[in-house]
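In this chain, residues are counted from 1 in sequence order.
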Amino acid sequence: MKFFLDTANINEIREAAALGVLDGITTNPSLIAKEGKPFKQAILEICGIVDGPVSVEVVSTDAGGMCKEAHEFAPWHKNVVVKLPTTRDGLKACKCLSQEGIPINMTLCFSPNQALLVAKAGAAYVSPFVGRLDDISHVGMDLVRQIIQIYKNYNFKTQVLAASLRHPLHVVEAALAGAHVATMPFKVLELMFKHPLTDRGLEQFLKDWEKAKKS
Ligand code: E4P
């Protein structure tokens with residue numbers, strides 16, 4: 001399972017890269033806007049740190065505009081993956097750009113039918129948004145499970161990127177479901193390795209070691 005960080009914050013990305021478990025980054029216009037840097041500069045800085053796919057999202061809503069933005073972003077760095085919304089125009093753009101060899105991450109996926117369509121259009125990744133479905137009282141992880149089953153049935157190559165993950169249990173559930181990738185905020189990554197018994201156990205070992213040294 002690959003771990004992507006869902007952020008454009010350079011400090012968080014550096015810290016996660018130092019942990020040695022970071023496989024890529026997903027950004028979106030909201031995350032980029034939070035950092036207050038010029039767009040291209042923000043993406044290039046990220047690409048300089050992470051040796052893996054970096055999703056860069058378009059803001060056009062028509063297929064022509066999406067393709068134009070994709071052609072602008074793709075040459076920025078070999079690891080750029082273009083992120084398109086799962087709309088009618090997004091689907092058209094996905095087909096053309098995938099055929100050209102530009103890897104596409106189809107974002108804002110909220111149904112198995114949308115996932116089926118983007119796989120047929122050749123997307124490299126589909127991003128089902130788990131947390132946002134949970135927010136409206138739908139079990140978001142059910143969507144991840146359904147997509148994985150459908151893709152298995154037909155041997156689609158599109159990777160399932162579990163997105164909008166809000167807590168460590170989401171990561172466990174995505175892993176159990178067999179998601180290829182989990183993208184998570186930095187705080188979720190940090191919570192993954194925290195356990196009170198680890199802390200307490202380590203504290204006790206160190207205390208005992210101090211006593212042993214004195215005897
Ligand atoms: C995925 O690529 C999105 O950027 C992200 O997971 C959205 O998460 P949110 O619902 O917490 O904003």
Enquirer: So, the side chain of T158 versus the backbone of A123: is there a donor-acceptor pair under 3.5 Å, distance only?
Expert: yes
Enquirer: Atom CG of L97 and atom SG of C67: how far apart are they, to the nearest 0.5 Å?
Expert: 4.0 Å
Enquirer: When T26 is tested against each of N105, T183, T107 for side-chain hydrogen bond (donor to acceptor under 3.5 Å, both in side chains), which residue passes?
Expert: T183
Enquirer: Between E45 and K37, is the closest basic N to carboxylate O distance under 4.0 Å?
Expert: yes
Enquirer: Return yes if some donor-acceptor pair links the side-chain N/O of E173 with the main-chain N/O of M141 below 3.5 Å, else return no.
Expert: no
Enquirer: Salt bridge check: are E210 and K207 linked by an N-O gap of less than 4.0 Å?
Expert: no
Enquirer: Regarding D142 and R145, does a basic nitrogen lie under 4.0 Å from an acidic carboxylate oxygen?
Expert: yes
Enquirer: Quick one: does D23's side chain have a donor or acceptor within less than 3.5 Å of a partner on F3's backbone?
Expert: yes
Enquirer: Using 4.0 Å as the upper bound for N to carboxylate O, is an ion pair formed by K78 and D51?
Expert: yes
Enquirer: Hydrogens and angles aside, do Q114 and T86 bring a side-chain donor and acceptor to less than 3.5 Å of each other?
Expert: no
Enquirer: I need the minimum non-hydrogen distance between M66 and P85, along with the two atoms involved.
Expert: CE-CG, 3.8 Å
Enquirer: Are V21 and I49 grouped together when hydrophobic residues (ILVMFWY) are joined by side-chain heavy atoms under 4.5 angstrom apart?
Expert: yes
Enquirer: Which class fits the ring pair F156 and Y154: parallel under 30°, tilted 30 to 60°, perpendicular over 60°?
Expert: tilted
Enquirer: With a 4.5 Å cut-off on side-chain heavy atoms, are V171 and M192 touching?
Expert: yes
Enquirer: Ignoring hydrogens and angles, tell me if any N or O in the side chain of S164 forms a donor-acceptor pair with the backbone of G131 under 3.5 Å.
Expert: yes
Enquirer: What's the shortest heavy-atom distance between V80 and P103, and which atoms?
Expert: O-CG, 3.8 Å
Enquirer: Is there a donor-acceptor contact under 3.5 Å from the side chain of T27 to the main chain of S55?
Expert: yes
Enquirer: Does some side-chain heavy atom of L191 sit less than 4.5 Å from a side-chain heavy atom of H167?
Expert: no
Enquirer: Rounded to the nearest 0.5 Å, how far does OG1 of T87 lie from CG of D62?
Expert: 9.5 Å
Enquirer: Can you tell me how far the CZ atom of F4 sits from the CD1 atom of I25, to the nearest 0.5 Å?
Expert: 9.0 Å
Enquirer: With clusters defined by side-chain heavy atoms of hydrophobic residues (ILVMFWY) lying less than 4.5 Å apart, directly or transitively, does V188 cluster with V172?
Expert: no
Enquirer: Please confirm whether the backbone N or O of P53 pairs with a side-chain atom of N79, one donor and one acceptor, at under 3.5 Å?
Expert: no
Enquirer: Can E15 and N11 be counted as having a side-chain donor-acceptor contact under 3.5 angstrom?
Expert: no
Enquirer: Indicate yes or no: does K194 engage D199 in a salt bridge with an N to O separation below 4.0 Å.
Expert: no
Enquirer: Quick one, V58 and F73 - any side-chain contact, counting heavy atoms below 4.5 Å?
Expert: yes
Enquirer: Could you report the tightest heavy-atom contact between P185 and L165, atom names first, then the distance?
Expert: CD-O, 3.2 Å
Enquirer: Side chains of L19 and F193: does their closest heavy-atom pair fall under 4.5 Å?
Expert: yes
Enquirer: Could you check whether any side-chain N or O of T7 sits under 3.5 Å from a backbone N or O of N9, counting only pairs where one atom can act as donor and the other as acceptor?
Expert: yes
Enquirer: Is H138 atom NE2 crowded by more than 12 heavy atoms from other residues, nucleotides or ligands, each under 6.0 Å away?
Expert: no
Enquirer: Please find the pair of heavy atoms, one from P128 and one from L161, that lie closest to each other, and give the distance.
Expert: CD-O, 3.1 Å
Enquirer: How close do G90 and L84 get, counting heavy atoms only, and between which atoms?
Expert: O-CD1, 3.6 Å
Enquirer: If only atom types and distance count, is the side chain of Y151 paired as donor or acceptor with the main-chain N or O of A115 below 3.5 Å?
Expert: yes
Enquirer: Pair Q159, K2 - check side-chain contact (heavy atoms from CB on, under 4.5 Å), show working.
Expert: CA-CA 10 Å; Q159 294 195 36; K2 289 180 190 140; 3.9 Å; yes
Enquirer: Answer whether the closest heavy-atom distance between the side chains of I147 and C109 falls below 4.5 Å.
Expert: yes
Enquirer: Hey, quick one: are L31 and L5 part of the same hydrophobic cluster, counting side-chain heavy atoms closer than 4.5 Å, chains of contacts allowed?
Expert: no
Enquirer: Specify the closest pair of heavy atoms between R166 and K187, including all atoms of both residues, with the distance to one decimal.
Expert: O-NZ, 4.4 Å
